[in-house]
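In this chain, residues are counted from 1 in sequence order.
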Amino acid sequence: MKLSIIVPVYNAEKFLCPCLDSLLAQNVKDSELILVDDGSRDGSAGILEEYRAREPERIRVITVENGGQGRARNLALDLAKGEFLGFADSDDWVKPDMYEKMIAKAEETGADMVVCDAEECWPDGRRDYIALSQYERPIKMSTEVWSKLVRRSSLGDLRFAEGLWYEDLAYVALLLLRTDKLAAVPEPLYCYRCGHTSTMNNNNSRKNRDLLAILDLLKAPMREAGRQEDYEALVLNHALLDGINRLGRHDTADKDAIIREIRDYVNQEIPELRSSPAFRQESFPRRLVMWMNYHGLDKLSAALLKLKNG
C-alpha cells in the first residue's frame, strides 16, 4: 500500500465531514484512512461509522477511551500498512492533490520527510499563507506533523509521546536525528482551520508545562547525538520565545507562575544566554525578545510585540 493517513478524532462532529471528504478525495487511491475515536462524547463516533460503512476497504476505525493525540496516533501507527504516512487533524481539510504531490517529491528525491505549505482558513473567509516549507535549518522547521509526509521505513520504533501536549515537537525533532533526507513542496496543500480552541490557541496555562517535559525527553538523545546546539535552539524558540509569549496572552491566575517555571528551566539549561551559539544565530529582533523573556521582562516584550503587530 502506498499511503496511510492517520486522523485522531475527539469531539469533532462539527468539522469532521469536510475533513474526511477531503481525504477520501485524494488522487492517491492506493491508500487507507486510520481514524481513531479518542473517547469522543459528541456525534463523532456515528459519523466515523457512517464513513467506514461507505468505504470499508479504505477506512479503519479504532475506538478507545480518551488518552490524547499521542496515544491515538501511536495506535494507528502500529496498524498502518502504507509505504508513506500522513497525518491530519479532524477539524482541517486538505487539497485533492496534497499527497500525490508529496509522494512524487519523496520518490523523486529519496526524501524520508516532505514538508508542504499551508493556509490558515478563518471563519470570515480570509486565507493566510503559511510558508512551513521554508526554514533556516532543519531543527527550526515548524513541528506540526500534518504538514509532513513521512517514509515509514525511516521511523523504526519512533512513536509519539503519550499524555502530553507538544508531542509533535518531540516526534519531529527525534525523526530529524534519524534522517537528513528532507524535501519540500512549497504549495499551500493543507488547510488549517482557525478561530477555535486548539493546543496552540488555548487558555490552559498549566498544560503548557508539558513543553518542559517534552524538552526533557529530547535532552539526552540530542546531546548523545552531538546536537547540543540544536537542543538549545529548541529551548530558545519553543520555550523562551513562543511558550512565554503564548502564556502572556492567557487570562488565567497561574500564568505568571508557569512563565517563571519556563524561564527557570531555560536559565538552567542555558545559564549564559549570550554565549549560546543557538542564541547568536537568531535575528536581532528575536534575540531582543528572548533576552527580555530570559531576564523576566516578558510583559515588556509582550507590549513590544503587540505594538509591532498593530
Apply ring-ring contact (aromatic ring centres under 6.0 Å, His included) to [X] and list each qualifying residue two or more places apart in sequence or on a separate chain.
| X | value |
| --- | --- |
| Y190 | W146 |
| W122 | none |
| Y294 | none |

Taking all non-hydrogen atoms of both residues into account, name the closest pair between [X] and [Y] and its distance.
| X | Y | result |
| --- | --- | --- |
| S205 | I258 | O-CG2, 3.7 Å |
| S90 | C19 | O-CB, 3.5 Å |
| K207 | G163 | NZ-O, 3.7 Å |

Using the six-membered ring wherever Trp is involved, compare the ring planes of F87 and Y171 and label them parallel, tilted or perpendicular (cut-offs 30° and 60°).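 Aromatic pair F87/Y171 classed perpendicular.
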
With sequence neighbours left out, write down each residue that passes side-chain hydrogen bond (donor to acceptor under 3.5 Å, both in side chains) with [X], or none if nothing qualifies.
| X | answer |
| --- | --- |
| D78 | R159 |
| R263 | D298 |
| Y129 | D117 |
| R137 | D230, Q281 |

side-chain contact (heavy atoms from CB on, under 4.5 Å) test vs L85 passes for just one of L155, L149, V145, namely L155

Could you tell me which residues satisfy side chain to side chain contact (heavy atoms under 4.5 Å, CB included) with A183, sequence neighbours excluded, listed by chain and number?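 Here the qualifying residues are K105, T109, A111, V114.
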
Any residue meeting side chain to side chain contact (heavy atoms under 4.5 Å, CB included) with A161, in chain and number order, not counting sequence neighbours: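 Applying side chain to side chain contact (heavy atoms under 4.5 Å, CB included) to A161 gives L164, E167, I214, L217.
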
Could you tell me whether a side-chain N or O of S154 sits under 3.5 Å from a main-chain N or O of R151, the two making a donor and an acceptor? yes

If only atom types and distance count, is the side chain of D38 paired as donor or acceptor with the main-chain N or O of Y10 below 3.5 Å?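 Not confirmed, D38 side chain does not pair with Y10 backbone.
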
Residue pair R246 / N208, side-chain donor-acceptor N/O under 3.5 Å: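 Side chains of R246 and N208: pair found under 3.5 Å.
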
Given the options R58, K81, Q26, K2, S31 meets side chain to side chain donor-acceptor pair (under 3.5 Å) only with R58

Flag yes if M1 and V150 sit in one hydrophobic cluster, no otherwise; membership is Ile, Leu, Val, Met, Phe, Trp, Tyr, and two members link when side-chain heavy atoms are under 4.5 Å apart.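 No, separate clusters.
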
Between E83 and R152, does at least one N-O distance fall below 4.0 Å, as a salt bridge requires? no

Ion pair present between K101 and D97, side-chain N to carboxylate O less than 4.0 angstrom?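 Counted as a salt bridge, because a side-chain N and a carboxylate O are separated by less than 4.0 Å.
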
Scan [range] for pairs that pass salt bridge (charged side-chain N to carboxylate O under 4.0 Å, His left out), counting only residues two or more places apart or in two chains.
| range | result |
| --- | --- |
| residues 279-295 | K140-E282, E282-R286 |
| residues 13-35 | E32-R60 |
| residues 268-278 | K219-E269, R223-E269 |

Spatial distance of atom CD1 (I59) from atom OH (Y51) [nearest 0.5 Å]: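 The CD1 atom of I59 sits 8.5 Å away from the OH atom of Y51.
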
